[in-house]
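Working notes, beginning with the structure itself.
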Amino acid sequence: GRGEVLRLKVESPTFATKAHGQIPCLLATAVFDPESGRVSLFALNRSTDEAMDLSLDLRGLGDGLAVIEAHELHETDLKKSNGKAAPDAVAPRPQTTGAMSGTVFRARLKPQSWNVFVLG
């Protein structure tokens with residue numbers, strides 16, 4: 001994502017950690033590129049067992065935004081790794097749940113997944 005980092009108001013469930021107390025399940029940020037009109041969304045669902053709905057109101061960033069790229073990094077086996085025999089065992093895959101409805105972007109994030117959406 002290139003451009004201006006947008007300030008998001010993120011509402012999320014939390015979970016307890018020993019080192020940091022309560023922390024949010026969702027981390028998200030968005031970047032707007034005024035030259036191209038593209039918006040890059042980055043979202044991390046840190047829940048170990050719950051999928052999460054993501055909803056962002058993007059009014060003011062241009063009309064007619066649509067998803068032009070969507071990827072997720074998700075693996076149910078957290079011990080799985082890439083190696084010589086399987087260099088792409090853990091790799092980004094298409095994320096198919098993201099969609100625009102008017103000025104609102106919505107997606108369903110799998111547990112423990114990193115998600116990237118590009119709108120234009």
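What you see below is based on every heavy atom in this structure, not just the backbone, and it leaves out hydrogens, waters and symmetry mates.
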For [X], give me all partners under side chain to side chain donor-acceptor pair (under 3.5 Å), at least two apart in sequence or on another chain.
| X | result |
| --- | --- |
| N82 | none |
| S36 | D33 |
| S40 | none |
| E72 | K110 |

Could you work out, with side-chain contact (heavy atoms from CB on, under 4.5 Å) as the rule, every residue matching S81, not counting sequence neighbours? none
Salt bridge (charged side-chain N to carboxylate O under 4.0 Å, His left out) involving [X] - partner list, sequence neighbours excluded:
| X | value |
| --- | --- |
| K79 | none |
| E75 | K80 |
| D57 | R59 |
| E11 | K9 |

How long is the straight-line distance from [atom2] of [Y] back to [atom1] of [X], given to the nearest 0.5 Å?
| X | Y | atom1 | atom2 | answer |
| --- | --- | --- | --- | --- |
| L41 | T29 | CG | OG1 | 9.0 Å |
| M52 | L44 | CE | CG | 9.0 Å |
| T97 | D53 | OG1 | CG | 8.5 Å |

Going by ring-ring contact (aromatic ring centres under 6.0 Å, His included), name the pairs with one or both residues in residues 73-107, residues two or more places apart or in two chains. F105-F117
What ring-ring contact (aromatic ring centres under 6.0 Å, His included) pairs are there with at least one residue in residues 1-36, not counting sequence neighbours? none
Is the side chain of S12 donor-acceptor paired with the backbone N or O of C25 at a distance under 3.5 Å, no angle test? yes
Has N45 got a side-chain atom pairing as donor or acceptor with L26's backbone, closer than 3.5 angstrom? no
Just wondering, do [Y] and [X] contact through their side chains at under 4.5 Å, heavy atoms?
| X | Y | value |
| --- | --- | --- |
| T14 | I23 | no |
| I68 | L119 | no |
| S55 | V104 | yes |

Heavy-atom count check: over 12 atoms from other residues, nucleotides or ligands less than 6.0 Å from Q22 CD? yes
Show me the donor-acceptor pairs within less than 3.5 Å that the side chains of residues 83-94 make with the rest of the protein, sequence neighbours left out.
{"from": "R93", "atom 1": "NH2", "to": "D88", "atom 2": "O", "distance (Å)": "3.1"}

